[in-house]
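When a ligand or atom number is given, it counts from 1 through the structure's own listing order. Not measured: the values here are computed from a predicted model.
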Amino acid sequence: MRLAGKTAIVTGGGSGFGAGIVKKFVAEGARVLIADIDVAAATKVAGQYDAIPLAVDVSKMESWEALAIAAKAAFGQVDILVNNAGITHLPQPMQDVEEDEFDRILAVNAKSVYLSAKTIVPMMIAAGSGVILNVASTAGVSPRPNLNWYNASKGWMITATKTMAVELAPKGIRVNAINPVAGETPLLQSFMGQDTPEIRAKFISTIPLGRFSTPEDMGNAACFLCSDEASMITGVAMEVDGGRCI
Ligand code: NAD
């Protein structure tokens with residue numbers, strides 16, 4: 001029960017890594033609010049793990065304002081925020097990604113962190129404590145071709161994590177990121193373009209530990225970084241990548 005008594009918001013908790021983080025957090029004693037644009041998915045995961053679902057579009061200020069009100073009503077205080085919701089474009093030359101898709105990726109992957117700073121961070125500052133975990137990517141550290149705008153959004157997130165960490169440390173708030181390698185989630189197919197045994201083998205050949213990451217891997221890493229065991233750790237962007245970035 002490493003998160004006993006803690007309250008947490010997990011964005012994008014209706015699927016993939018987010019659902020793995022929700023499962024682990026609940027198992028370790030946290031009360032969790034799942035903020036997902038797909039409210040049916042959030043409701044399903046919430047039902048499995050005894051969490052609270054809420055329809056939230058993390059790219060929209062009004063959605064974050066509603067989330068802050070809902071979290072305050074449910075929990076009184078937010079101890080942990082996991083900015084996990086994210087999207088990508090399909091692998092393609094950088095000049096072929098349409099402007100509206102670029103805008104959407106930056107709004108969901110990057111602007112969402114800014115909006116969380118406007119709405120949730122003030123609650124943490126008032127409490128004098130809090131933990132934020134941003135789910136970035138190995139793509140932000142060791143980018144592959146044809147995913148440029150997705151990669152760049154994750155690089156943005158890593159820099160934001162470090163600045164937030166140093167700026168919020170005096171307020172008692174820790175801010176870290178995790179950098180997952182390609183993982184077994186519905187998003188994987190979008191990164192691969194096509195889901196074939198050959199493309200899977202190509203991806204896995206770049207991961208020294210020889211497998212894709214899993215929602216359980218992210219749940220375990222997130223739990224550690226958001227728990228009091230990591231009370232001296234802030235501003236890290238921790239690879240959870242089977243050695244991919246070495
Ligand atoms: P996923 O598609 O399985 O889950 C993403 C969840 O986010 C979904 O439930 C979706 O409904 C929700 N979401 C999407 N847009 C949203 C919005 N605007 N507002 C609220 N919720 C929204 O994806 P995943 O693979 O679990 O990805 C989770 C995070 O991990 C993302 O930030 C992704 O970039 C990152 N990541 C994934 C991989 C991978 O290979 N799967 C690798 C590195 C990093």
Side-chain angles (χ1 to χ4, degrees), residues 9-24 33-46 48 51 53-64 66-67 81-91 101 103-116 133-144 147 149-158 160-161 177-193 195 199-200 203-204 206-207 211-219 221-222 237-242 244-245:
I9 295 170
V10 180
T11 72
S15 175
F17 291 160
I21 293 169
V22 171
K23 180 181 179 187
K24 178 68 175 175
L33 194 158
I34 302 174
D36 203 297
I37 199 167
D38 183 344
V39 75
T43 303
K44 191 168 168 213
V45 173
Q48 279 172 324
L54 190 70
V56 168
D57 180 347
V58 296
S59 69
K60 298 275 189 301
M61 177 59 113
E62 59 270 23
S63 235
W64 277 99
L67 171 59
L81 168 65
V82 182
N83 283 312
N84 163 77
I87 57 173
T88 185
H89 55 84
L90 293 174
E101 190 168 26
D103 287 343
R104 183 77 189 140
I105 290 163
L106 268 288
V108 175
N109 295 4
K111 187 180 180 188
S112 58
V113 179
Y114 160 77
L115 294 174
S116 76
L133 182 72
N134 295 325
V135 179
S137 175
T138 54
V141 181
S142 179
R144 296 173 189 277
L147 283 170
W149 311 118
Y150 173 79
N151 298 339
S153 74
K154 294 302 184 176
W156 185 101
M157 201 183 210
I158 292 166
T161 298
I178 52 174
N179 293 334
V181 77
E184 293 278 12
T185 77
L187 199 60
L188 181 61
Q189 187 165 355
S190 304
F191 293 125
M192 294 193 299
D195 191 349
I199 294 178
R200 279 185 170 246
F203 269 69
I204 289 175
T206 68
I207 304 171
R211 66 169 175 85
F212 287 117
S213 68
T214 64
E216 289 71 32
D217 294 325
M218 299 315 142
M238 187 174 87
E239 273 84 52
V240 186
D241 72 343
R244 153 88 169 84
C245 289

For ring-ring contact (aromatic ring centres under 6.0 Å, His included), just list the numbers for Tyr150 and Phe191, CA-CA rounded to whole Å, side-chain angles, deciding distance to a tenth of an Å, and then say yes or no. CA-CA 10 Å; Tyr150 173 79; Phe191 293 125; 4.9 Å; yes

Could you give all pairs that pass the side-chain hydrogen bond (donor to acceptor under 3.5 Å, both in side chains) test and reach residues 178-192, with sequence neighbours left out? Asn179-Glu239, Glu184-Arg200

Looking only at non-hydrogen atoms, find the nearest pair between Pro180 and Ala136 and report the distance. CD-O, 3.3 Å

Residue pair Thr11 / Trp64, side-chain heavy-atom distance below 4.5 Å: yes

Which residues pass the side chain to side chain donor-acceptor pair (under 3.5 Å) test with Ser213, sequence neighbours left out? none

Just jot down the side chain to side chain contact (heavy atoms under 4.5 Å, CB included) partners of Arg211, sequence neighbours excluded, or say none. Thr214, Asp217

I need the contact residues for ligand 1: any residue with a non-hydrogen atom closer than 4.0 Å to the ligand, ordered by chain then number. Gly12, Gly14, Ser15, Gly16, Phe17, Asp36, Ile37, Asp38, Val56, Asp57, Val58, Asn84, Ala85, Gly86, Ile87, Arg104, Val108, Val135, Ala136, Ser137, Tyr150, Lys154, Pro180, Val181, Ala182, Gly183, Thr185, Pro186, Leu187, Phe191

